Amino acid sequence: MIPSLPMMPFAEPLTLLMFLSAFLGTLVSSILAFMSPMQRHANRLLSVSLFSVALFALTSALLINHSIFLVPHLFRLNMPLHYLVAPCAYLYVRAVLYQEIRFRRYDWLFFVPFGLHTLELLPFLLHSAAYKFHYLELLLVDVAGVTKQQEGLLPAYYHPVLKFVLGITYVLMQWRLLWQFSRQTTPASRRENHALLHWLRVFTLLNTLLYPPILLAMLLPVSGTYATIFAVGALGCYLLVTSMLLFFRPQ
């Protein structure tokens with residue numbers, strides 16, 4: 001049974017946006033992971049990045065309309081995956097540009113934050129559904145409570161700030177990859193790969209636009225509820241646009 005708790009403003013359209021983007025993101029990431037015959041390594045990296053965002057969109061939708069009480073074990077399951085979005089996007093761009101078919105020797109370092117965050121959240125993830133149900137009841141009394149919670153061992157807000165800093169770092173590294181590739185290749189080669197390079201620039205731009213709303217939500221002295229709506233809505237739009245581009249233009 002879903003408890004009667006206050007809903008955030010614009011809950012219905014925001015829930016619809018997040019469910020739609022989660023569905024399309026999951027569909028596209030599944031196609032990339034299991035049905036794409038070319039560039040398997042690169043496409044699987046992109047699949048992981050998109051699926052990580054899609055799972056966040058799904059849990060956000062469930063939290064917004066309080067359906068999370070029906071599936072409490074999904075709560076926090078997505079949080080370690082936040083640390084995979086940016087590094088997998090960066091590794092995808094690198095793999096496409098340099099035709100990589102496997103990880104490099106030290107690429108495992110990119111996944112250390114994901115592993116550590118998973119370990120610190122493991123005690124909560126292993127708790128019973130009843131425990132999580134009660135935790136959610138206390139948390140959602142304040143509609144912006146999810147953004148104030150303590151994730152794992154670090155104090156509240158530490159993980160969001162760390163995820164933001166790492167995300168911006170990887171986006172800058174993506175732009176640097178594209179700049180270096182343009183300098184190293186001939187004009188004829190750039191013309192030959194124009195469509196591919198255009199997609200990688202659009203993808204990197206979409207990744208770049210994902211972070212200003214998060215920064216504003218963390219810094220602006222506005223209601224936490226409206227800051228959350230802004231940041232979550234921007235993420236849903238990012239996933240929707242990226243997934244639609246890949247779905248309708250698979251080349």
Side-chain angles (χ1 to χ4, degrees), residues 13-61 78 81-101 163-164 166-182 185 189-215 230-251:
L14 196 58
T15 298
L16 179 61
L17 170 65
M18 300 311 282
F19 272 134
L20 180 61
S21 61
F23 170 76
L24 193 55
T26 302
L27 176 63
V28 171
S29 63
S30 299
I31 293 171
L32 286 167
F34 303 112
M35 300 180 188
S36 180
M38 300 178 65
Q39 294 184 316
R40 289 187 180 274
H41 176 66
N43 286 342
R44 284 172 180 168
L45 286 165
L46 180 57
S47 172
V48 171
S49 183
L50 288 178
F51 179 74
S52 300
V53 181
L55 188 57
F56 175 81
L58 174 62
T59 53
S60 295
N78 64 303
L81 294 177
H82 296 177
Y83 282 112
L84 295 181
V85 176
C88 285
Y90 164 75
L91 291 172
Y92 160 72
V93 172
R94 195 188 72 186
V96 171
L97 289 176
Y98 296 102
Q99 299 295 300
E100 296 175 354
I101 59 173
K163 291 169 185 176
F164 172 81
L166 288 175
I168 286 293
T169 302
Y170 282 115
V171 163
L172 293 174
M173 289 166 63
Q174 278 179 235
W175 283 116
R176 186 170 180 267
L177 275 176
L178 291 166
W179 177 72
Q180 285 181 326
F181 186 82
S182 295
T185 53
S189 177
R190 289 197 295 273
R191 285 193 298 271
E192 183 182 348
N193 296 290
H194 173 75
L196 180 62
L197 290 171
H198 177 69
W199 153 245
L200 291 178
R201 291 190 186 102
V202 169
F203 175 66
T204 303
L205 177 62
L206 289 170
N207 277 261
T208 306
L209 295 176
L210 183 60
Y211 292 100
I214 298 174
L215 179 62
F230 181 54
V232 170
L235 186 139
C237 291
Y238 158 81
L239 181 59
L240 199 60
V241 172
T242 305
S243 299
M244 288 178 68
L245 284 172
L246 287 165
F247 188 80
F248 291 109
R249 300 191 65 188
Q251 69 274 17

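What you see is a predicted model; the values in this text were computed from it and never measured.
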Looking at every heavy atom in both [X] and [Y], which two are closest together, and how far apart are they?
| X | Y | result |
| --- | --- | --- |
| L45 | C88 | O-CB, 3.4 Å |
| V96 | A42 | CG2-CB, 3.7 Å |
| S21 | G236 | CB-O, 3.4 Å |

Approximate separation, where rounding is to 0.5 Å, of [X] [atom1] and [Y] [atom2]:
| X | Y | atom1 | atom2 | result |
| --- | --- | --- | --- | --- |
| L14 | F19 | CG | CZ | 11.0 Å |
| Y92 | Q39 | OH | CD | 7.0 Å |
| L246 | M244 | CG | CE | 11.5 Å |
| H194 | L196 | NE2 | CG | 10.5 Å |
| Y83 | K163 | OH | NZ | 5.5 Å |

Do the non-hydrogen side-chain atoms of [X] and [Y] ever get within less than 4.5 Å of each other?
| X | Y | answer |
| --- | --- | --- |
| L58 | F23 | no |
| V53 | L81 | no |
| L235 | M18 | yes |
| L50 | L239 | yes |
| L197 | L97 | yes |
| W199 | L245 | yes |
| Y98 | L177 | yes |

Residues 25-32 side chain polar contacts: donor-acceptor under 3.5 Å, at least two apart:
| residue | atom | partner | partner atom | Å |
| --- | --- | --- | --- | --- |
| T26 | OG1 | A22 | O | 2.8 |
| S29 | OG | G25 | O | 3.0 |
| S29 | OG | T26 | O | 2.9 |
| S30 | OG | T26 | O | 2.8 |

If you look only at pairs with a residue in residues 52-61, which of them pass as a side chain to side chain donor-acceptor pair (under 3.5 Å), with sequence neighbours excluded?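 The answer is T59-N78.
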Can you run down the side chain to side chain donor-acceptor pair (under 3.5 Å) pairs that involve residues 240-250, sequence neighbours left out, and say none if there aren't any?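 Output for this query is empty, none listed.
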List in chain and number order the residues that pass side-chain hydrogen bond (donor to acceptor under 3.5 Å, both in side chains) with Y90, two or more places apart in sequence or in another chain; answer none if no residue qualifies.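 For Y90 there are no side-chain hydrogen bond (donor to acceptor under 3.5 Å, both in side chains) partners, ignoring immediate neighbours.
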Using the test salt bridge (Lys or Arg N to Asp or Glu O under 4.0 Å), find all partners of R94 that sit at least two apart in sequence or belong to another chain.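 If we apply the salt bridge (Lys or Arg N to Asp or Glu O under 4.0 Å) test to R94, skipping adjacent residues, the hits are E100, D107.
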Name the atoms and distances for all side-chain donor-acceptor pairs under 3.5 Å in residues 201-214, with sequence neighbours left out.
| residue | atom | partner | partner atom | Å |
| --- | --- | --- | --- | --- |
| T204 | OG1 | Q174 | NE2 | 3.1 |
| T204 | OG1 | L200 | O | 2.8 |
| N207 | ND2 | F203 | O | 2.7 |
| T208 | OG1 | W175 | NE1 | 2.9 |
| T208 | OG1 | T204 | O | 2.7 |

